[in-house]
Every structure is written in C-alpha cells, then in structure tokens.
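We use all heavy atoms of the structure for the numbers below, so side chains are in, but hydrogens, waters and symmetry mates are not.
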Amino acid sequence: MPNVHSTHLVDRAGVSRAAYLVSTQLGWLFREQETSDIGVDAHLEVVDNGSLTPGNVGLGTGRLLAVQLKSGASQFTSPGEGGWWYYCDTRHVVYWHKHSLPVVIMLFDPVTEQIFWQHVNGETLELAGQNYKIFVPEAQQLNESCAEALSEPARRHIEASNSPMNPDRPEEARRKSIRLADYELAGSIDLLSASTGEGIAGARSRDFRAAFANRLRSLRRLAGSPSAEFLSARTGYEEDKIAAYLAGSALPGRGRMVAIVTTLIEYARSRGVEVPDHFQDLQAWGRMQRVARKPGMQKIVKNKASAGSIKNS
C-alpha cells in the first residue's frame with residue numbers, strides 16, 4: 001500500500017482552503033497550476049461583484065494574480081510584530097521578479113484554517129543573509145475584506161501596461177527599451193574609446209561587450225559595489241564568471257544577466273538607494289545583452305548612431 005505523508009495532506013488542504021476562500025469570500029476565480037510547481041501554485045482572476053448568491057452574475061475582469069502557497073505550521077515559526085517572516089531563496093525571487101503577473105505569497109495555517117497573504121515586490125522583499133524574507137501581516141487574512149487591497153497590483157498591472165487606451169502599452173514600451181538600450185551602449189562605447197578617437201563607427205564586438213560590462217559596473221557602483229563573492233552567493237553563479245562579466249572578458253547569458261541585475265537592484269533598495277528607471281528596465285538590459293552577442297545587431301546600432309537616429313528615433 002502506498003504511503004500518504006501528512007505533508008502531502010497539509011499541502012492539499014492549503015490548496016483546497018485557498019480555492020474555497022477565493023470563491024466564497026471574494027467571489028473570484030481560482031485556477032490551480034497543476035502541471036508544475038516552480039514558484040507559482042495558482043492564478044487568481046479578479047471578478048467584479050462576484051458572489052455565491054443565487055442568480056448573481058459577476059464580471060470577469062481578466063486581471064490576474066500569481067500565487068505561491070505555503071502550507072503548514074512550519075511556515076509560522078519566524079514571528080514578527082503583528083505577523084510572520086517568510087524566508088525565500090534568491091532564485092525564487094528572480095523568478096517572481098521576471099513573472100508576467102504580480103505575485104502574492106500565501107501562508108496556510110492548518111490549525112486555524114486561516115490563510116494570510118502579502119504582495120511580493122521591491123517594497124516587501126528584504127535581504128536576509130544570502131537570501132530574502134517577506135513579512136506577512138496577521139491582519140492580512142484571506143477574506144472578503146481584503147478584495148480591494150489584494151487586487152490592487154493586478155488592476156494597476158493591466159491598466160498600466162495592457163490597456164489599448166494607454167499610449168505606453170507593451171509595444172511602445174518595447175520600442176522605448178530598444179532606443180534606450182542602443183543609446184546607452186553607443187554612449188558607453190564613445191566614452192570608452194575617447195582616447196582612440198574612433199568612437200562607435202569603429203567599434204568591434206569586444207567594444208560592445210566592454211560597453212555592456214560598463215553599464216553593469218555602473219549599476220553595481222550605484223548599488224554600493226557588492227563583491228563578486230556576494231553576487232555569487234546571491235545568484236548561485238560562479239564567482240570567477242561574475243568577475244569576468246563585470247570586467248567585460250565574458251558575456252552572461254540572458255538568465256544570468258537578469259539574475260545579476262535583479263540582485264543589484266534589490267541590494268541597492270535594501271540600502272535605501274533609489275534606482276533610476278533606466279537601470280530597472282529588464283527589456284533594455286536584454287537588448288544590450290543581445291547586441292553585445294550578435295555582430296548583426298551591432299551593425300544596426302552603429303548605422304543608427306552614424307545616422308544620428310538612436311536618441312531621437
């Protein structure tokens with residue numbers, strides 16, 4: 001006969017309880033992500049005026065939240081004033097940061113059958129040694145009173161990025177990121193090659209790699225110059241590789257680039273440093289990484305710079 005461990009039952013109870021409360025207390029839709037569990041267990045869709053009242057018809061909004069659900073008494077062993085600390089590793093934080101939906105952490109107490117929640121973002125995440133922690137307030141229970149606060153980032157996310165009435169929609173944001181990335185690379189190359197007088201017109205692949213490294217070092221200085229050893233501990237990548245990326249002798253892949261940039265941004269925030277928007281634009285970072293890797297894209301940037309169209313296009 002197969003064994004059924006209590007942890008499995010607690011996990012399933014947490015999912016079932018969350019689905020029940022989301023449906024009955026909020027009148028929203030709960031969609032469990034059953035195929036894999038790499039940091040998100042369910043999606044919630046906000047429903048306006050949804051309820052179990054016979055004959056009631058709510059309005060689906062298309063506004064979604066991604067949920068990481070943690071169940072069991074072990075999730076409540078780090079109390080703080082008015083709640084509990086949830087500890088999470090850097091790789092989960094990077095995954096959540098890259099996620100296309102706003103992420104919420106939920107803790108299920110099997111004794112009281114209550115669920116407590118907190119949004120995952122730059123304001124709620126705090127450094128904790130080599131990883132991170134999030135404070136989950138006891139006051140933030142999953143019930144009908146939390147609908148407005150819980151849905152707020154989902155509504156803001158959609159309205160800010162996907163509304164056809166918003167001029168700064170995804171396609172325009174992508175174009176802005178491309179212009180920004182090309183401008184930053186061209187400017188860095190001009191500065192780095194000032195002594196030779198060649199400028200970007202004579203730039204070679206290694207110059208683009210050096211320009212990318214220069215931008216990475218600039219973000220690192222802004223953050224407070226954390227060591228390669230620290231970045232290695234945070235991201236899980238080799239210390240010598242990170243040193244090479246910062247020196248420009250090697251170029252990180254996209255996944256590594258996102259992890260390093262995200263770690264530097266979070267480190268800066270933990271020190272109270274305001275990070276400018278252009279350093280937080282992961283699309284721009286992705287564009288710079290691709291240009292530094294592909295000679296064909298480098299040619300496009302050089303042609304745009306020669307035509308004077310990078311900044312104003």
Side-chain angles (χ1 to χ4, degrees), residues 38-39 78 80 85-99 103 105 120-135 177 180-181 184-185 187-195 205-293:
I38 56 173
S78 298
W85 289 102
Y86 171 72
Y87 288 81
C88 43
D89 60 65
T90 298
R91 294 198 176 190
H92 271 87
V93 171
V94 171
Y95 177 80
W96 293 332
H97 184 82
K98 292 166 57 181
H99 206 285
V103 177
I105 184 75
V120 179
N121 54 46
E123 294 181 358
T124 59
L125 284 165
E126 295 186 21
L127 286 169
Q130 295 185 2
N131 293 293
Y132 291 83
K133 62 180 181 179
I134 301 172
F135 187 70
S177 292
L180 171 64
E184 296 287 353
L185 279 179
S188 290
I189 289 174
D190 280 338
L191 288 173
L192 293 170
S193 61
S195 59
S205 291
R206 67 184 183 189
D207 297 316
F208 280 91
R209 191 169 62 242
F212 179 88
N214 186 53
R215 300 303 303 162
L216 200 58
R217 290 195 302 271
S218 295
L219 175 57
R220 182 192 181 198
R221 285 193 298 272
L222 175 72
S225 300
S227 66
E229 179 182 9
F230 174 87
L231 294 174
S232 174
R234 293 285 181 185
T235 61
Y237 301 133
E238 306 91 331
E239 183 180 342
D240 60 336
K241 290 288 188 181
I242 291 177
Y245 303 151
L246 291 168
S249 57
L251 186 70
R254 178 171 177 81
R256 292 194 172 208
M257 177 271 296
V258 169
I260 294 169
V261 168
T262 302
T263 300
L264 288 170
I265 292 172
E266 296 298 341
Y267 183 78
R269 288 172 175 166
S270 74
R271 300 177 61 250
V273 176
E274 183 176 349
V275 181
D277 290 343
H278 67 90
F279 273 134
Q280 299 188 56
D281 190 337
L282 291 180
Q283 290 190 70
W285 280 104
R287 167 75 176 188
M288 286 189 284
Q289 188 268 349
R290 290 193 299 275
V291 171
R293 180 166 51 91

Student: If every non-hydrogen atom of Asp89 is compared with every non-hydrogen atom of Asn131, which pair is closest and at what distance?
Tutor: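 Reported closest heavy-atom pair: CA-OD1, 3.1 Å.
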Student: If I take atom CG from residue Leu222 and atom CD from residue Glu274, how far apart are they, to the nearest 0.5 angstrom?
Tutor: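 Output value for this atom pair is 9.5 Å.
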Student: Within a 6.0 Å radius of atom NZ on Lys241, are there more than 12 heavy atoms belonging to other residues, nucleotides or ligands?
Tutor: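 No.
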Student: Donor-acceptor pair, distance only, cut-off 3.5 Å: does the side chain of Thr124 make one with the backbone of Asn121?
Tutor: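 Present.
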Student: Quick check: does any side chain N or O of Arg209 sit under 3.5 Å from a backbone N or O of Ala292, one acting as donor and the other as acceptor?
Tutor: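 Flag not set: sc Arg209 to bb Ala292 has no pair under 3.5 Å.
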Student: Under the ring pair (Phe, Tyr, Trp, His ring centres under 6.0 Å) rule, collect the residues that match up with Phe135, sequence neighbours excluded.
Tutor: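 Applying ring pair (Phe, Tyr, Trp, His ring centres under 6.0 Å) to Phe135 gives Trp85.
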Student: Roughly how far apart are Leu219 CG and Arg221 CZ, rounded to 0.5 Å?
Tutor: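 Answer for the CG-CZ pair, Leu219 versus Arg221, is 10.0 Å.
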Student: Measure the shortest side-chain to side-chain distance between Cys88 and Trp96 over non-hydrogen atoms and say whether it is less than 4.5 angstrom.
Tutor: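 A side-chain contact under 4.5 Å exists here.
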Student: Are the side chains of Glu229 and Ser232 in contact, using a 4.5 Å heavy-atom criterion?
Tutor: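 In short, these two side chains do not touch, never coming nearer than 4.5 Å.
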Student: Between Tyr237 and Ala259, which heavy-atom pair has the shortest distance, and what is it?
Tutor: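 For Tyr237 versus Ala259, the nearest heavy atoms are CE1-CB, 3.6 Å.
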Student: Provide the closest heavy-atom pair for Ala181 versus Ala284 in the form atom of the first, atom of the second, distance.
Tutor: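 Heavy atoms of Ala181 and Ala284 come nearest at CB-O, 3.3 Å.
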Student: Which residues satisfy the ring pair (Phe, Tyr, Trp, His ring centres under 6.0 Å) test with Phe212, sequence neighbours excluded?
Tutor: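 Expected list: Trp285.
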Student: In Å, rounded to the nearest 0.5 Å, how long is the span from CD of Gln283 to CE of Met288?
Tutor: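 That separation rounds to 12.0 Å.
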Student: Are side-chain heavy atoms of His278 and Arg215 found at a separation under 4.5 Å?
Tutor: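 Contact flag for His278/Arg215 side chains = yes.
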Student: Could you walk me through whether Arg234 and Tyr267 satisfy the side chain to side chain donor-acceptor pair (under 3.5 Å) test, starting with their C-alpha distance in whole Å, then the side-chain angles of each, then the deciding distance to 0.1 Å, before giving a yes or no?
Tutor: CA-CA 10 Å; Arg234 293 285 181 185; Tyr267 183 78; over 6 Å; no
Student: Quick check: closest heavy atoms across Ala268 and Ala223, and the distance to 0.1 Å?
Tutor: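 What the structure gives for the nearest pair is CB-CA, 3.7 Å.
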Student: Take atom CD of Glu238 as the centre, draw a 6.0 Å sphere, and report whether it contains more than 12 heavy atoms from other residues, nucleotides or ligands.
Tutor: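 For Glu238, atom CD is crowded (more than 12 foreign heavy atoms under 6.0 Å).
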Student: Test side chain to side chain contact (heavy atoms under 4.5 Å, CB included) on Tyr245 and Leu251 and set out the steps.
Tutor: CA-CA 5 Å; Tyr245 303 151; Leu251 186 70; 5.8 Å; no
Student: Looking only at heavy atoms, what is the nearest atom pair of Leu216 and Leu264, with distance?
Tutor: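 Looks like O-CD1, 4.2 Å.
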Student: Going from OG on Ser270 to CD1 on Ile265, what distance comes out if it is rounded to the nearest 0.5 angstrom?
Tutor: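 Answer rounded to 0.5 Å: 12.5 Å.
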Student: Is a donor on one side and an acceptor on the other found under 3.5 Å between the side chain of Gln280 and the backbone of Val275?
Tutor: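 Yes, because the side chain of Gln280 sits within donor-acceptor range (under 3.5 Å) of the backbone of Val275.
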Student: How long is the straight-line distance from CG of Asn214 back to CZ of Phe208, given to the nearest 0.5 Å?
Tutor: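 Answer for the CZ-CG pair, Phe208 versus Asn214, is 13.5 Å.
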Student: Take a 6.0 Å sphere around CZ of Arg290 and say whether it holds more than 12 heavy atoms from other residues, nucleotides or ligands.
Tutor: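 Atom CZ in Arg290 is crowded, with more than 12 foreign heavy atoms closer than 6.0 Å.
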Student: From Arg271 CZ over to Leu127 CG, what is the distance, rounded to the nearest 0.5 angstrom?
Tutor: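 Going from CZ on Arg271 over to CG on Leu127, the span is 11.0 Å.
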Student: Taking only residues two or more places apart in sequence or in another chain, which ones pass salt bridge (charged side-chain N to carboxylate O under 4.0 Å, His left out) with Arg220?
Tutor: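 Not a single residue meets the salt bridge (charged side-chain N to carboxylate O under 4.0 Å, His left out) criterion with Arg220.
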